[in-house]
Amino acid sequence: MLQISYIRENRDDVIRRLKVRNFDQLALVDEVIRLDEELRSTKIQSESIAAEGNAAAKRIGELMRQGQREEAEAIKARSGEYKDQLKVLNEQLGRLEDEFFEKIVQLPNLPYKDVPAGKTADDNEIVLEHGEKPTLPDNALPHWELAAKYDIIDFELGVKVSGAGFPVYKGKGARLQRALINFFLDQAAENGYREVQVPILINGDSGFGTGQLPDKEGQMYYVGADDLYLIPTAEVPVTNMYRGEILKQEDFPIKNTAYTPCFRREAGSYGAHVRGLNRLHQFDKVELVQIVHPDKSYEVLEEMSTYVQSLLQKLKLPYRVLRLCGGDIGFAAAMTYDMEVWSGAQQRWLEVSSVSNFETFQSNRLKTRFKGEDGKMQLAHTLNGSALALPRIVACILEENQTDKGIRVPEVLVPYTGFDWIS
RNA sequence: GGAAAGUUGGCAGAGUGGUCGAAUGCGGCGGUCUUGAAAACCGUUGUCUGUAACAGGACCGGGGGUUCGAAUCCCUCACUUUCCGCCA
């Protein structure tokens with residue numbers, strides 16, 4: 001959520017930057033500003049009446065104590081008016097607040113200055129490409145066929161148990177998953193992240209705090225009986241640990257990492273590109289979350305990007321880094337890097353990580369603050385990134401490392417898998 | 001699932017209708033003392049909103065009600081804890 005004080009004082013900048021993300025809704029911004037003004041003037045009215053009412057009540061108390069009942073009764077008789085007036089005003093105020101809130105949550109975050117303009121994923125800026133795309137033999141198989149060939153991932157079995165998009169990993173497939181999770185967690189720990197295990201069902205307040213609610217409600221699985229949501233990413237529970245917290249500057253940077261399964265309904269995203277592991281309803285991911293001083297957040301974003309790349313390098317996967325354009329960037333993010341890994345058999349790039357700086361967009365909802373140098377409360381900056389999402393990594397590992405003899409396990413994983421070939 | 005008790009400031013914990021934004025303790029910050037530190041002592045210490053600055057307003061789990069006036073009374077919801085049952 002954007003800060004109203006900023007919108008109020010920087011209307012033109014807000015409009016200009018929203019345009020960078022193709023959010024060309026001048027009317028909405030002006031509506032927010034108008035509602036804010038109306039809200040505040042109504043509030044002033046309401047408060048001045050409340051002040052009179054409070055003073056009268058106080059006076060009655062004093063008179064009663066002095067035993068001057070008659071005078072007290074006289075004031076009491078008049079006090080009823082305040083109540084009636086206040087009731088009317090406060091009802092109006094409540095409506096205005098609802099309306100204001102409903103509008104302001106529709107505004108996405110303002111893109112950072114480095115975010116390129118653009119409409120679609122095609123306009124994303126390629127920051128760098130790393131590694132050679134291997135030339136696979138003509139008979140190279142896509143990962144879903146390799147999965148079947150070596151009997152390590154069973155999509156049909158998952159359909160029986162749950163439905164499409166819930167694969168069953170078997171034998172070395174399951175072991176490979178576990179190896180990757182442990183590898184990612186160990187790497188994160190080495191880089192100063194504290195490992196946490198968090199709930200994978202979250203309440204509505206948490207969903208709101210990180211920006212999934214109210215707008216992306218349909219993306220999450222909802223457990224109605226208990227009014228909880230299955231997490232679409234560990235970002236939600238991990239970041240929400242700091243909801244309402246007042247932090248100390250010395251605490252920064254706060255670095256947490258968590259492995260969790262992630263659940264996404266992916267309603268309406270069926271098509272040619274969702275085969276195999278490309279898009280699932282349930283998948284595993286190791287997530288990084290940092291809460292930092294506002295002055296440091298872009299430095300930290302670069303650091304996180306570099307760290308994620310180091311994982312891909314260790315796995316020897318060819319990848320590229322994109323700086324998402326305004327049109328492709330997420331609702332809550334100010335700037336995002338996507339890391340994509342080359343799928344040799346599918347001849348396409350697969351997104352395996354997304355690293356974002358949310359600046360104060362989340363912390364304003366979360367009320368995650370700290371006392372600054374000047375002693376004033378400030379909103380912290382939040383960042384997060386996948387490090388990494390497993391399925392597409394598995395897909396690329398299988399595809400890139402296929403040989404006649406089987407699939408060679410990347411060297412760094414061998415200590416974790418306990419085997420170096422899947423055959 | 002059944003029963004009971006709770007939810008107050010960073011924490012602990014008083015407060016049952018008016019002077020309570022809230023005692024007290026701990027913690028934090030500043031100071032005295034000290035070569036330095038600890039202890040002791042003194043002072044200070046919530047958030048949001050609002051103003052040029054004062055003033056003013058809101059907040060004692062959420063929402064609603066009673067009242068001139070609510071942390072305090074009533075209703076309702078949520079959550080927490082304990083006991084019983086069940087159970088990885």
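The sequence lines fix the lettering, A, B, ..., with proteins before strands; numbering per chain opens at 1.
- Taking 4.0 angstrom as the limit, K43(A) places none of its side-chain polar atoms (N or O) nearer than this to OP1 or OP2 of G57(B).
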Enumerate all atom pairs, one protein N or O and one N or O from nucleotides 10-12 of chain B, separated by less than 3.5 Å.
none

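- Rounded to a whole Å, the CG atom of L89(A) is 15 Å from the P atom of G57(B).
- Residues G209(A) and R365(A) come closest through the heavy atom pair O-CB, 3.6 Å.
- Between F331(A) and F361(A), a ring centre-to-centre spacing shorter than 6.0 Å is recorded.
- A donor-acceptor pair shorter than 3.5 Å can be found between the side chains of K314(A) and Q187(A).
- Here F283(A) pairs with nothing under the ring-ring contact (aromatic ring centres under 6.0 Å, His included) rule; sequence neighbours left out.
- Spacing of P atoms, G6(B) relative to A22(B), comes out at 26 Å, to the nearest Å.
- Taken residue by residue, residues 52-63 of chain A places heavy atoms nearer than 4.0 Å to RNA chain B at N54(A), A57(A), I60(A), G61(A).
- The residue M64(A) sits close to a base: some heavy atom pair falls under 4.0 Å.
- L93(A) has its CG atom 15 Å from the P atom of U49(B), to the nearest Å.
- Following rounding to the nearest Å, D205(A) (CG) and U80(B) (P) show an atom-to-atom distance of 13 Å.
- In this structure, F370(A) has its ring center closer than 6.0 angstrom to the ring center of F252(A).
- Taking the P atom of each, U72(B) and G15(B) are spaced 15 Å apart, rounded to whole Å.
- For the pair R40(A) and G50(B), the criterion of a side-chain N or O lying under 4.0 Å from OP1 or OP2 is met.
- Residue contacts for K248(A): at a heavy-atom cut-off of 4.0 Å it reaches no nucleic acid atom on any strand shown.
- The side chain of K76(A) contributes no N or O atom lying less than 4.0 Å from OP1 or OP2 of U67(B).
- A pairwise comparison of heavy atoms in A333(A) and T336(A) identifies CB-OG1, 3.3 Å as the closest pair.
- When rounded to the nearest whole Å, the span between OH of Y82(A) and P of G69(B) equals 12 Å.
- Here R369(A) lies in heavy-atom contact (under 4.0 Å) with sugar-phosphate atoms only.
- RNA chain B forms stems at B:1-7 with B:78-84, B:10-12 with B:24-26, B:27-32 with B:40-45, B:46-49 with B:56-59, B:61-65 with B:73-77, each a run of 3 or more consecutive Watson-Crick or G-U wobble pairs whose two key distances fall under 3.5 Å.
- Applying the ring-ring contact (aromatic ring centres under 6.0 Å, His included) criterion to Y82(A), with sequence neighbours excluded, gives no partner residue.
- Nucleotide U49(B) holds its C1' atom 15 Å from the CD atom of Q3(A), rounded to whole Å.
- Every residue meeting the side-chain hydrogen bond (donor to acceptor under 3.5 Å, both in side chains) condition with Y337(A), not counting sequence neighbours, appears here in chain and number order: E302(A), R323(A).
- Atom CD in E245(A) sits roughly 15 Å away from atom P in U47(B) (whole-Å rounding).
- To the nearest angstrom, C1' of A58(B) lies 16 Å from CD1 of I49(A).
- In E9(A), the CD atom is crowded: over 12 heavy atoms of neighbouring residues, nucleotides or ligands sit closer than 6.0 Å.
- Counting non-hydrogen atoms of other residues, nucleotides and ligands closer than 6.0 Å to NZ of K296(A) gives a total of 12 or fewer.
- In terms of position on RNA chain B, the residue among S46(A) and A77(A) whose nearest nucleotide sits closer to the 5' end is S46(A).
- Distance E71(A) CD to G69(B) P: 20 Å, rounded to the nearest Å.
- Aromatic ring centres of Y221(A) and Y229(A) lie farther apart than the 6.0 Å criterion allows.
- The CE atom of M339(A) sits 8.0 Å away from atom OH of Y319(A), with the distance rounded to the nearest 0.5 Å.
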